[in-house]
Amino acid sequence: AKKLRGNQFRFYESEMTKELSRRIHIENELAKDLKERGVYFHYQPQIDYTTRHLVGFEVLSRWNHPSLGPISPLEFIEIAEESGNILKLTHHLMAEVFSNMTRWKKQFQFTKPVSINVTPYLLSQRTFFDDFFDLLERYEIEPSMIELEITEDTEIVASEETLANMRLCKDKGIRIAIDDFGTGYSMLKSLSYFPVNKIKIDRYFINQIGKDPIIESIIKSIVDFSYNLDCQLVAEGVETYEEAEFLAANGCSVHQGFYLEAPLDALEFEEKYIVKTQV
Ligand code: C2E
Ligand code: CA
Ligand code: CA
Ligand code: CA
């Protein structure tokens, strides 16, 4: 028994070591790939299901490492956040998207808003907002074309700094969306702290449509609730016809999900959604 415990201990130890060394490896590789542009971005449309019009789009980070393979943003965003690389990553993301948006506006008269994910750490950093506002000016982007998506995976600390930055955004006309709505710890609190323009109903609720009548009535309440607060609404992770129909019938017609469109690379997004809007 003693021997077994010894082996188990070694097993856990080596698992932990493996995990830690992967983390350190990822941290170093991410810093390198950010410089060499090994990190890139996908664009997922938000579409009005009833009219099939494009309403806006969300930009999502992608990283395909030469030896580690594709790494989920769920893994590398957290590491970027802890290692300070999130500022650089978000800078690259905004620079690419803004430059595309400027070109799309000139060439195709395209003027749909972009949604950008921001972490709680970034929200508290004035240097992030200074860089963000600089980029807006450099690319001549209207602040109303930008929506910041705030997730509630971790509790948003309403520090003085964060609140001041949010006020700055509001004054400029930058929009705020609550991401993953319904899963966070403090969703009702953040609705009263921040000037929220949009609520994104988390995929967890959407995928229970047709399966769980309680979740279905929660969705209906979120719809009522968003009308009362004068917030726009998006359903995330809509994967089936049944989900799309239920949502549209119950007052939520803007959908983002595989049923209508998966995240696309910039070129594919441009060909399918930008060039087309001209005609
Ligand atoms: P999120 O902000 O909730 O983004 C939506 C996620 O759902 C994306 O995953 C998207 O690919 C996926 N998705 C879209 N439609 C469907 C669907 O119909 N079914 C399913 N099962 N999934 C769908 P992705 O790209 O893997 O990103 C995961 C999370 O990583 C994001 O969740 C976001 O929290 C974070 N993330 C991604 N890129 C960035 C970034 O540039 N900055 C920050 N701060 N976070 C990012
Ligand atoms: Ca998001
Ligand atoms: Ca989400
Ligand atoms: Ca999320």
Side-chain angles (χ1 to χ4, degrees), residues 26 30 33-34 37-47 49 55-64 69-98 113-125 128 131-132 135 146-154 156 175-184 187 190 196-209 222 232-244 246-247 254-266 268-269:
I26 284 184
L30 183 64
D33 276 15
L34 275 173
R37 301 297 170 97
V39 174
Y40 57 100
F41 308 105
H42 273 178
Y43 297 63
Q44 188 177 30
Q46 296 170 354
I47 295 170
Y49 176 69
V55 174
F57 61 100
E58 177 174 5
V59 196
L60 297 157
S61 294
R62 293 288 177 266
W63 183 22
N64 200 349
I71 301 169
S72 164
L74 291 172
E75 183 173 12
F76 72 77
I77 292 293
E78 195 194 321
I79 295 175
E81 172 108 334
E82 282 168 14
S83 62
N85 281 313
I86 192 74
L87 275 162
K88 202 180 282 172
L89 185 147
T90 311
H91 173 91
H92 287 322
L93 180 151
M94 293 189 301
E96 179 192 294
V97 174
F98 295 175
V114 61
S115 302
I116 296 171
N117 293 289
V118 287
T119 61
Y121 169 76
L122 286 179
L123 286 178
S124 71
Q125 297 301 100
F128 165 70
D131 183 43
F132 169 36
L135 286 167
I146 312 293
E147 186 168 84
L148 299 182
E149 293 197 356
I150 300 173
T151 183
E152 297 198 295
D153 288 351
T154 52
I156 300 161
R175 301 163 48 79
I176 304 291
I178 300 285
D179 206 350
D180 310 327
F181 188 81
T183 62
M187 56 171 183
S190 41
V196 175
N197 305 99
K198 189 187 271 179
I199 287 172
K200 298 187 79 175
I201 309 177
D202 193 73
R203 168 170 102 219
Y204 169 79
F205 296 97
I206 307 306
N207 297 345
Q208 299 304 314
I209 291 170
I222 298 176
Q232 292 178 359
L233 196 60
V234 173
E236 288 196 282
V238 181
E239 292 178 351
T240 67
Y241 172 78
E242 191 189 8
E243 291 164 2
F246 173 90
L247 288 162
V254 181
H255 303 171
Q256 178 182 348
F258 297 160
Y259 183 63
L260 290 175
E261 194 68 85
L264 305 172
D265 65 44
E268 216 178 337
F269 179 72

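We count ligands from 1, going down the list as the structure has it; atoms in each ligand are counted the same way.
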Could you tell me how the ring of Phe128 sits relative to the ring of Phe132: parallel (under 30°), tilted (30 to 60°) or perpendicular (over 60°)?
parallel

Any heavy atom of His42 sitting closer than 4.0 Å to ligand 1?
no

Hey, are the side chains of Asp131 and Leu87 touching, using non-hydrogen atoms and a 4.5 Å cut-off?
no

Within the stated cut-off of 3.0 Å, is an N/O/S atom of Asn117 closer than that to the Ca ion (ligand 2)?
yes

Going from CD on Glu81 to CG on Leu89, what distance comes out if it is rounded to the nearest 0.5 angstrom?
11.0 Å

Report the part of Asp179 (side chain from C-beta onward, or backbone N, CA, C, O) that has a heavy atom under 4.0 Å from ligand 1; answer both or neither where that applies.
side chain

Report the atom name of the nearest N/O/S atom of Asp180 relative to the Ca ion (ligand 3).
OD1

For the backbone of Ile71 and the side chain of Glu75, can you confirm whether one donor and one acceptor N or O come within less than 3.5 Å of each other?
no

Would you say Leu89 has any N or O atom under 3.5 Å from an N or O of ligand 1, going by distance alone?
no

Identify, by atom number and element, the atoms of ligand 1 in contact range of Asp180, meaning under 4.0 Å from any of its heavy atoms.
3 (O)

Among Ile206, Thr119, Ile150, the residue with a heavy atom nearest to atom 44 (N) of ligand 1 is Thr119

Any idea how His255 and Tyr49 line up, ring-wise: parallel (<30°), tilted (30 to 60°), or perpendicular (>60°)?
parallel

Taking it one step at a time, do Leu247 and Ile209 satisfy side-chain contact (heavy atoms from CB on, under 4.5 Å)?
CA-CA 9 Å; Leu247 288 162; Ile209 291 170; 3.9 Å; yes

Step-by-step side-chain hydrogen bond (donor to acceptor under 3.5 Å, both in side chains) determination, Gln125 to Tyr121:
CA-CA 7 Å; Gln125 297 301 100; Tyr121 169 76; 3.3 Å; yes

Near Leu74, which atoms of ligand 1 are under 4.0 Å from a heavy atom of that residue?
28 (C), 29 (C), 30 (O)

Using a 4.0 Å heavy-atom cut-off, which part of Asn117 comes near ligand 1: side chain, backbone, both, or neither?
both

Nearest non-hydrogen atom to atom 7 (O) of ligand 1 belongs to which of His255, Gln44, Arg203?
Arg203

N/O to N/O below 3.5 Å, does that happen between Glu149 and ligand 1?
no

Ser115: which of Lys200, Glu147, Gln256 passes side chain to side chain donor-acceptor pair (under 3.5 Å):
Glu147

Ligand 1 N/O within reach of Ser61 N/O, cut-off under 3.5 Å
yes

Kindly confirm whether the Ca ion (ligand 3) is within less than 3.0 Å of some N/O/S atom in Glu149?
no

Answer yes or no for Glu58: is there a heavy-atom contact with ligand 1 below 4.0 Å?
yes

In short, Ala80 meets Leu30 closest at the heavy-atom pair CB-CD2, 3.6 Å

Atom of Glu58 closest to the Ca ion (ligand 2), considering N, O or S atoms
OE2

Against Pro263, only a single residue in Phe41, Phe258, Phe57 fulfils side chain to side chain contact (heavy atoms under 4.5 Å, CB included); can you say which?
Phe258

Per-atom filter on ligand 1: closer than 4.0 angstrom to a heavy atom of Pro263 are 11 (O)

Lys200 touching ligand 1 at heavy-atom level, < 4.0 angstrom:
no

The atoms of ligand 1 lying under 4.0 Å from a heavy atom of Leu93, numbered in the order shown, are 41 (O)

In Å, rounded to the nearest 0.5 Å, how long is the span from NE2 of His92 to CG of Asn85?
9.0 Å

State which residue, out of Glu236, Glu58, Lys198, Glu261, fulfils the side chain to side chain donor-acceptor pair (under 3.5 Å) condition with Gln46.
Lys198

Interfacing atoms of ligand 1 (cut-off 4.0 Å, heavy-atom, Arg62)
11 (O), 24 (P), 25 (O)

Have a look at the Ca ion (ligand 3) and estimate, to 10 degrees, the angle subtended by OD1 (Asp179) and OE2 (Glu236).
90°

